[in-house]
Amino acid sequence: MSVTVRFAPSPTGRLHAGNIRTALFNFLFARAKGGRFILRLDDTDRERSTEEFARFIREDLTWLGLHWTLEVRQSDRFALYEGAIERLKRHDRLYPAYETPEELELKRKRQLARGKPPVYDRAALQLTAEERARLEAEGRKPHWRFLLEQRDVVWDDLVRGRQHVDAASLSDPVLVRADGTYLYTLPSVADDIDLGITHVIRGEDHVANTAPQIQLFEALGATPPAFGHHSLLVGADGQALSKRDRALAIEGLRAEGIEALAVTSYAATLGTSDSVAPHASLDELVPGFDFAKLSRAPARFDPNALRLLNAKLLHLLPFSAVADRLRTMGVGGGEEFWEAVRGNLAVLADARGWWQVVEGPLQPVIEDCELCRRAAQLLPPEPWDGDSWATWSAAVKQATGAKGKALFSPLRFALTGRETGPELKHLLPLIGRERAAARLEGKTA
Ligand code: GLU
């Protein structure tokens with residue numbers, strides 16, 4: 001049986017650091033097993049779902065490199081859900097109920113007051129045909145509940161281990177609202193059956209749906225897939241992440257200059273005891289993925305840890321991984337420039353600043369006029385290479401008697417206008433003799 005998984009966001013908002021883990025785990029698991037990764041857009045809520053959010057979801061997944069093999073949209077699949085509804089009715093597993101939300105709320109309060117769990121009492125099952133007809137004549141429209149079998153439901157959760165749920169402790173879930181629209185429960189199962197989903201990997205906010213869904217699979221004549229529910233994310237302060245926090249939306253991270261590979265490298269280790277480490281490709285993450293590593297405790301998302309990881313990732317990326325983007329940013333200098341500056345970048349856009357240092361025009365900072373003038377005279381003839389800096393600075397040291405910080409600081413300030421930065425050994429050949437000489441003389445170059 002080949003593995004088929006799905007990532008099923010609702011296009012009612014943009015992807016968030018929280019649901020990226022769901023997408024990534026599905027993707028990595030499919031990769032590891034040579035399986036299929038389906039993107040399912042859960043857009044049965046026609047009012048809140050938009051084409052624009054669907055586009056953003058595709059865009060964000062593509063940016064992250066999480067490519068899917070097939071896309072389906074629930075709004076194209078209503079015939080399938082109708083069929084499932086008919087089948088449930090035929091097998092007496094779906095029944096109409098007429099209580100208004102207020103009546104249900106009252107029942108719940110009474111049950112709680114008597115110290116009982118607020119489970120739906122199935123009063124609708126007792127209605128006679130005449131009573132139903134009367135309610136409908138009053139203008140009441142039924143919602144439809146799935147009749148649960150009152151037995152233990154057991155599954156071996158890929159993350160949480162063996163789970164037992166006593167279905168008698170659950171209310172029969174509403175599958176179809178009074179206005180005829182579907183709740184999420186049934187379309188999801190009908191799709192999982194139709195698409196041959198073998199593993200449902202999702203957040204633990206869906207654990208409570210699993211027992212009723214397992215019974216639905218069975219009622220629809222299918223074998224339930226395996227389930228894995230990963231823990232949810234909390235912020236560095238331990239508080240649940242707010243969906244409105246734009247900085248944690250993928251677009252926000254992207255706008256800040258965080259690399260897609262930093263996001264995926266970080267998301268893959270969150271909630272595991274693996275150390276946070278940069279990975280230069282998604283393929284590198286595949287062998288390390290294992291449900292057994294995922295902790296059941298909430299995973300802490302720390303934007304600062306992600307920023308640090310982003311810097312570490314840039315420090316190891318080869319030129320080939322960034323060449324196109326550097327070109328688009330107007331940054332030249334090729335591989336030599338990249339290798340000289342990558343260790344000094346927090347985000348790729350910082351490369352622009354260093355390119356400006358190399359290319360100019362740059363206003364030098366002259367700390368020690370005398371030393372700089374002397375240093376300019378001692379600049380060796382070109383061509384320059386990786387040794388030119390050592391030869392030249394040794395000559396300046398000998399000529400001026402300056403050493404240590406008193407030698408290096410004025411040279412760095414004059415050549416780069418900054419106190420710190422990439423090794424001058426690498427920068428000097430890129431700056432070149434003409435610009436170096438002008439800057440040492442205090443001229444903008
Ligand atoms: N649309 C649901 C969600 O975004 C999918 C849940 C599932 O994976 O079954 O939470």
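Keep in mind it's a predicted model, so treat the numbers as computed, not measured. For ligands, and for the atoms within them, numbers begin at 1 and follow the listed sequence.
- Heavy-atom proximity to D42, at under 4.0 Å, picks out these atoms of ligand 1: 1 (N), 2 (C), 5 (C).
- The shortest heavy-atom distance from R6 to ligand 1 is under 4.0 Å.
- Between K312 and E259 there is no salt bridge, since no side-chain nitrogen of the basic residue lies less than 4.0 Å from a carboxylate oxygen of the acidic one.
- Of all atoms in ligand 1, numbered sequentially from 1 with element shown, those under 4.0 Å from a heavy atom of S10 are 1 (N).
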Could you walk me through whether W68 and F7 satisfy the ring-ring contact (aromatic ring centres under 6.0 Å, His included) test, starting with their C-alpha distance in whole Å, then the side-chain angles of each, then the deciding distance to 0.1 Å, before giving a yes or no?
CA-CA 9 Å; W68 55 98; F7 172 54; 9.6 Å; no
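- Of all atoms in ligand 1, listed by their number and element, those nearer than 4.0 Å to a heavy atom of A8 are 1 (N), 2 (C), 3 (C), 4 (O), 5 (C).
- Residue pairs that meet the ring-ring contact (aromatic ring centres under 6.0 Å, His included) test with at least one member in residues 262-320, sequence neighbours left out, are F25-F289, F29-F291, Y266-F301, F289-F291.
- The nearest heavy-atom contact from the protein to atom 9 (O) of ligand 1 is Y184 OH, 2.5 Å.
- Which of H206, R202, Q74 comes nearest to atom 3 (C) of ligand 1 through a heavy atom is settled by distance: it is H206.
- Taking the six-membered ring wherever Trp is involved, the centroid distance between the rings of Y95 and W144 does not fall below 6.0 Å.
- Using modelled atom types, one finds no donor on one side chain facing an acceptor on the other under 3.5 Å when comparing Y98 with E131.
- In this structure, F227 and F217 have perpendicular ring planes: the angle between them is above 60°, well past the 30° mark.
- When each atom of ligand 1 is checked for a heavy atom of S188 under 4.0 Å away, the hits are 9 (O).
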